Amino acid sequence: MSARGPQRDGVDDLVRDKSRTPAMFDAIARRYDLLNHLLSFNIDRRWRRELVNFAGVREGERVLDVATGTADVAIEFAKRTGAGAIVGLDPSAGMIAVGREKLARASLADRVTLVDGDALALPFDDASFDVVTIAFGLRNLPDYRRGVAEMTRVLRTGGRLLVLDFAPPRGARFMVQRAYFSTLLPFAGKAVSGYGGAYRYLVASIRDFMDEGGVRDLFGSHGLAGFEARHMTGGIVMLYRGVKS
């Protein structure tokens with residue numbers, strides 16, 4: 001596979017084999033933040049702030065942000081909380097490079113450590129963190145169950161796991177969302193990034209993602225109690241939290 005990622009006719013293959021997604025994100029890393037803000041009408045900033053607020057980080061707690069991308073969530077934790085250590089992990093070297101540049105510009109490199117790594121084999125000891133988050137990344141993992149198992153493993157007892165992601169657009173009330181995802185979003189993504197495949201993949205990955213009941217069951221099967229779900233922007237985006245028991 002070339003460094004530019006999968007070709008147009010390989011989107012379905014990419015959904016089936018998500019181990020190839022890091023190359024796709026490398027291809028769009030430099031335009032990723034701009035597109036997120038444009039395509040969400042800047043609401044994505046609010047979604048991430050809500051995630052950080054819902055995490056309830058206390059002074060000195062250790063935070064891990066999995067699939068950190070260009071480190072937006074990690075930066076929010078650094079700006080808005082008194083976390084003692086903040087680590088962001090992502091398999092895309094291109095995204096991590098952009099994240100490090102952002103941390104340097106914000107003078108936050110001493111607060112946040114970025115690591116190139118695999119969410120399915122986290123390079124951390126058991127019970128290393130008080131809070132683990134993953135924003136718009138769980139549906140990109142090749143194995144949801146293994147990903148949640150790993151994130152739970154590195155949580156201490158009483159630690160919180162938070163998942164922020166799109167809800168699959170099902171039912172009549174999501175007709176506008178489906179139309180936006182299937183037409184305007186891929187077109188705009190290609191126009192700005194030059195690589196429309198990533199945004200066709202986005203549509204397909206959201207379509208096939210778990211609903212609230214699926215996430216609840218997944219959390220419960222890994223010993224995460226006190227399940228909570230928040231619907232945002234009319235249910236387009238969901239925020240989930242569970243506590244390691």
Side-chain angles (χ1 to χ4, degrees), residues 18 47-69 71-91 96 99 111-168 205 209-232 235 237-245:
K18 293 180 182 178
W47 295 333
R48 292 182 177 88
R49 285 196 299 268
E50 185 65 18
L51 167 64
V52 170
N53 292 338
F54 199 28
V57 173
R58 295 181 283 271
E59 194 74 23
E61 287 192 319
R62 293 175 54 83
V63 176
L64 170 64
D65 182 46
V66 178
T68 197
D72 273 345
V73 170
I75 288 170
E76 285 294 314
F77 275 115
K79 288 180 175 179
R80 297 178 178 275
T81 75
I86 303 165
V87 179
L89 176 140
D90 200 275
I96 287 287
R111 295 282 319 278
V112 179
T113 301
L114 298 183
V115 178
D116 186 342
D118 183 358
L120 303 187
L122 294 173
F124 309 110
D125 293 336
D126 295 357
S128 298
F129 296 94
D130 300 285
V131 173
V132 176
T133 63
I134 182 167
F136 304 108
L138 182 60
R139 66 187 151 74
N140 294 324
L141 301 186
D143 186 336
Y144 302 154
R145 182 168 295 277
R146 184 174 168 190
V148 170
E150 275 292 278
M151 289 185 279
T152 304
R153 177 184 66 79
V154 302
L155 269 177
R156 67 167 179 80
T157 301
R160 291 88 73 200
L161 173 63
L162 292 98
V163 172
L164 175 68
D165 219 314
F166 290 105
S205 69
F209 192 48
M210 297 175 290
D211 59 14
E212 181 178 335
V215 177
R216 180 189 297 272
D217 291 344
L218 186 58
F219 273 37
S221 69
H222 288 88
L224 294 163
F227 180 82
E228 295 181 75
R230 290 187 178 181
H231 299 236
M232 296 189 290
V237 167
M238 296 295 298
L239 177 55
Y240 306 104
R241 183 174 69 178
V243 179
K244 184 174 180 179
S245 57

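Here the structure is a predicted model, which means the values were calculated and not measured.
One finds the CE atom of Met151 at 9.0 Å from the OG1 atom of Thr133 (value rounded to the nearest 0.5 Å). For the atom pair CZ (Arg111) and CD1 (Ile86), the distance works out to 4.5 Å, reported to the nearest 0.5 Å. Here the straight-line distance linking atom CG of Asp165 with atom CH2 of Trp47 works out to 10.5 Å at 0.5 Å rounding. Remark: Leu51 CG to Leu162 CG distance equals 5.5 Å, nearest 0.5 Å. Rounding to the nearest 0.5 angstrom, the gap separating the CG atom in Asn53 from the OG1 atom in Thr81 is 10.0 Å. One finds the CG atom of Leu164 at 7.5 Å from the CZ atom of Arg48 (value rounded to the nearest 0.5 Å).
Residues that satisfy the side chain to side chain contact (heavy atoms under 4.5 Å, CB included) test with Glu61, not counting sequence neighbours, are Val57, Arg58, Asp130, Val131, Arg156, Arg160. Scored by the side chain to side chain contact (heavy atoms under 4.5 Å, CB included) test, Glu212 finds Arg216, Phe227, Ala229, His231, Met238, Tyr240 as partners (sequence neighbours excluded). Annotation: side chain to side chain donor-acceptor pair (under 3.5 Å) contacts of Arg145 (sequence neighbours excluded): Ser221.
The aromatic rings of Phe136 and Phe166 lie tilted to each other, with the angle between the two planes from 30° to 60°.
Judged by distance alone, the side chain of Arg80 and the main-chain N or O of Val52 form no donor-acceptor pair under 3.5 Å. Between the side chain of Arg230 and the backbone N or O of Arg241, no donor-acceptor pair lies under 3.5 Å. With hydrogens and angles disregarded, no donor-acceptor distance shorter than 3.5 Å links the side chain of Thr68 to the backbone of Asp90.
Of all non-hydrogen atoms in Leu141 and Ala119, the two that sit nearest each other are CD2-CB, 3.7 Å. Contact detail for Arg139 and Ser205: the closest heavy-atom pair is NH1-OG, 2.8 Å. Closest of all the heavy-atom pairs between Gly242 and Phe219 is N-CE2, 3.5 Å. Summarising the geometry of Pro91 relative to Asp116, their closest heavy-atom pair is O-OD1, 3.6 Å, with the distance given to 0.1 Å. When all heavy atoms are compared, the tightest approach of Val243 to Gly158 is CG1-O, 3.6 Å. The shortest non-hydrogen separation linking Leu224 to Leu161 is CD1-CD2, 3.5 Å.
Between Ser128 and Leu64, the closest side-chain pair of non-hydrogen atoms is not below 4.5 Å.
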Inset, instruction - Walk me through it: do Leu138 and Phe209 pass the test side-chain contact (heavy atoms from CB on, under 4.5 Å)? - result: CA-CA 9 Å; Leu138 182 60; Phe209 192 48; 4.0 Å; yes
Inset, instruction - Using the side-chain contact (heavy atoms from CB on, under 4.5 Å) rule, take Tyr144 and Val148 through it: C-alpha gap first, then chi angles, then the decisive distance, then the call. - result: CA-CA 6 Å; Tyr144 302 154; Val148 170; 5.6 Å; no
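Within 6.0 Å of CG in Asp126 there are more than 12 heavy atoms belonging to other residues, nucleotides or ligands.
A salt bridge links Arg153 with Glu150: the distance from a Lys NZ or Arg NE/NH1/NH2 to an Asp or Glu carboxylate oxygen falls below 4.0 Å.
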